[in-house]
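Order of the sequence lines sets the chain letters (A, B, ...), proteins ahead of strands, with each chain counted from 1.
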Amino acid sequence: MEILLFGITREIVGHSALRVPPGEETLHTVGDLKNWLASRYPELKKLSSLAVAVDSEYAMDDQPLSPQNEIALIPPVSGG
Amino acid sequence: MEILLFGITREIVGHSALRVPPGEETLHTVGDLKNWLASRYPELKKLSSLAVAVDSEYAMDDQPLSPQNEIALIPPVSGG
Amino acid sequence: MLIRIVDQVDLQEAYQYLQAPTAGGIDLFIGTVRDNAKGKNVVKLVFEAYAPMALKEMRKIADRAQAQWPLERLVMLHAVGEKRVGEPVVIIGVASAHRDAAFTACRFLIDELKKTVPIWKKEYYQDNSVWVNAHP
Amino acid sequence: MLIRIVDQVDLQEAYQYLQAPTAGGIDLFIGTVRDNAKGKNVVKLVFEAYAPMALKEMRKIADRAQAQWPLERLVMLHAVGEKRVGEPVVIIGVASAHRDAAFTACRFLIDELKKTVPIWKKEYYQDNSVWVNAHP
């Protein structure tokens, strides 16, 4: 499963995309993914907010994930 | 005393300016002028409103007039 | 402030004038000739101004806006003469540090312009013409 | 509607697109790079977008605006990349028969864009830089 990273999340992780090892079979939902990321990158917990987009739509924590989805981290937006 | 005319007042009077004969010594104020005009050009009474500008400022009815002033009729504006 | 009665209003001129390093938001209002009014087909409009007084009144409105909101730049341009459907007639522009003031002041300027500035519009339809607002 | 993520936003492009014979009022909002933010001197901004999702979110906002107000034309252009002080970053434009809808919809579009569209801005000052809004 690959996760696209933008803005400050890209800088925290150090890459513009993050590969979740296939062994991480506990990542069934958006919420699971968030927890997994927070434990590996504690800096993410300091953000004002952190959303996840699944197939370029904002997703709720209980949304299931599959390797076919395009997943992205959405830190607080600041366009305009 | 000369009165500048714009828009529909120019069309009602038929000229872009109107000369008040020097004999009309009763025209001491803006209000006097309005009454004099209304009696000569009854069409003016049908307008939604009719203001008078003295030296390019909106004037009240009790404002005195002198031949040195630049006087203009201001029918309802419709700019923009 | 840039306040003018002109034969043709120019968006690029307005935008150039509104440039300011301290401005984060610019709001521009452009009034254009619509093809219909009260259900009638409009062929053209003709605008006439009492120019010295119109400029004075526009400046008064601009002064009121600048007293009320923190504005960096302010533009009011109004055209006179014959205008066809789609042509711009009036451009109001405001630059401010934040967008709230820009929107609010721009709206104020066009609303007040329509109330007090001695400019008149004659609408020409297929078969007749009328001075807008003249009669109740 | 014209909705784009571009390297440089173009006011003339937006204005051309907003032309409509049925429109009497056009409101254009232009967000520009301000020379200061929270008291610090800004040297430049760098914008980054998750483009496919940003375009989707912009279209959703545009759809909501068109459902709410009678709009003739609608434009949303947002720049990405490095922008210097004074440069335009975002252009929102709306054409409507009457100015009330144009102002209200334009304001709605820029307000909502700032809330939901996945675009990020990094502010560069003399000595450091920060992702805007990232931290509480």
Side-chain angles (χ1 to χ4, degrees), chain A residues 1-20 29-31 33-35 37-80, chain D residues 3-6 9 29-34 37-38 42 45-61 76-81 83 88-92 106-123 128-136:
Chain A
M1 191 178 344
E2 199 182 44
I3 300 153
L4 304 176
L5 301 168
F6 298 96
I8 195 164
T9 62
R10 182 171 44 72
E11 292 191 357
I12 288 172
V13 173
H15 302 283
S16 62
L18 177 68
R19 232 191 142 70
V20 178
T29 65
V30 165
L33 174 63
K34 281 185 178 175
N35 290 334
L37 287 164
S39 66
R40 290 195 57 173
Y41 303 99
E43 287 293 311
L44 293 177
K45 287 187 274 189
K46 298 185 187 165
L47 300 178
S48 311
S49 69
L50 184 62
V52 168
V54 176
D55 295 338
S56 63
E57 297 280 353
Y58 285 103
M60 304 295 237
D61 278 1
D62 59 0
Q63 184 161 333
L65 293 177
S66 98
Q68 285 74 52
N69 294 135
E70 177 172 300
I71 299 167
L73 288 197
I74 311 289
V77 302
S78 49
Chain D
I3 296 187
R4 284 201 194 147
I5 307 272
V6 290
V9 295
F29 174 78
I30 304 149
T32 56
V33 180
R34 202 153 45 100
K38 291 169 191 146
V42 171
L45 301 182
V46 174
F47 287 88
E48 180 177 328
Y50 177 18
M53 181 175 173
L55 291 168
K56 245 193 213 180
E57 290 294 320
M58 285 158 87
R59 274 182 223 115
K60 282 184 201 169
I61 297 169
M76 301 177 87
L77 308 175
H78 201 297
V80 286
K83 298 293 153 197
V89 167
V90 58
I91 298 183
I92 306 290
C106 189
R107 181 69 198 262
F108 169 84
L109 291 167
I110 182 65
D111 286 354
E112 293 302 305
L113 180 146
K114 282 171 177 272
K115 284 183 208 161
T116 64
V117 176
I119 296 177
W120 299 273
K121 168 166 56 191
K122 193 171 192 178
E123 273 175 357
N128 67 333
S129 63
V130 69
W131 286 101
V132 177
N133 294 351
H135 293 108

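- Interface residue D/Lys56: only side-chain heavy atoms are found under 4.5 Å from chain A.
- If you measure heavy-atom distances from D/Lys115 to chain A, the contacts under 4.5 Å come from the backbone alone.
- For the options D/Ala79, D/Pro118, D/Gly31, heavy-atom pairs under 4.5 Å to chain A are most numerous at D/Pro118.
- In this structure, A/Pro76 and D/Ala134 approach most closely via the heavy-atom pair CG-O, 3.7 Å.
- Checked by atom type and distance alone, the side chain of A/Tyr58 pairs as donor or acceptor with a backbone atom of D/Thr116 at under 3.5 Å.
- Going from atom CG of A/Leu5 over to atom CD of D/Glu48 covers 10.0 Å, rounded to the nearest 0.5 Å.
- Within a 6.0 Å sphere centred on NZ of D/Lys60, heavy atoms belonging to other residues, nucleotides or ligands number more than 12.
- Judged by distance alone, the side chain of D/Trp120 and the main-chain N or O of A/Pro75 form a donor-acceptor pair under 3.5 Å.
- A pairwise comparison of heavy atoms in D/Val89 and A/Gly80 identifies CG1-O, 4.2 Å as the closest pair.
- Proximity to chain D is limited to the side chain of A/Glu11, based on heavy atoms less than 4.5 angstrom apart.
- With contacts defined as side-chain heavy-atom distances shorter than 4.5 Å, the pair A/Glu70/D/Met53 does not qualify.
- The contact between D/His135 and chain A is made by backbone and side chain atoms together, counting heavy-atom distances below 4.5 Å.
- Nearest heavy atom pair, residue A/Ser48 against residue D/Pro136, reads OG-N, 3.1 Å.
- Only the side chain of A/Leu4 comes within contact range of chain D, with at least one heavy atom under 4.5 Å from a heavy atom of that chain.
- Using a 4.5 Å cut-off between heavy atoms, D/Phe47 touches chain A through its side chain atoms alone.
- Judged purely by atom type and a 3.5 angstrom limit, A/Ser78 has no side-chain atom pairing as donor or acceptor with the backbone of D/Trp131.
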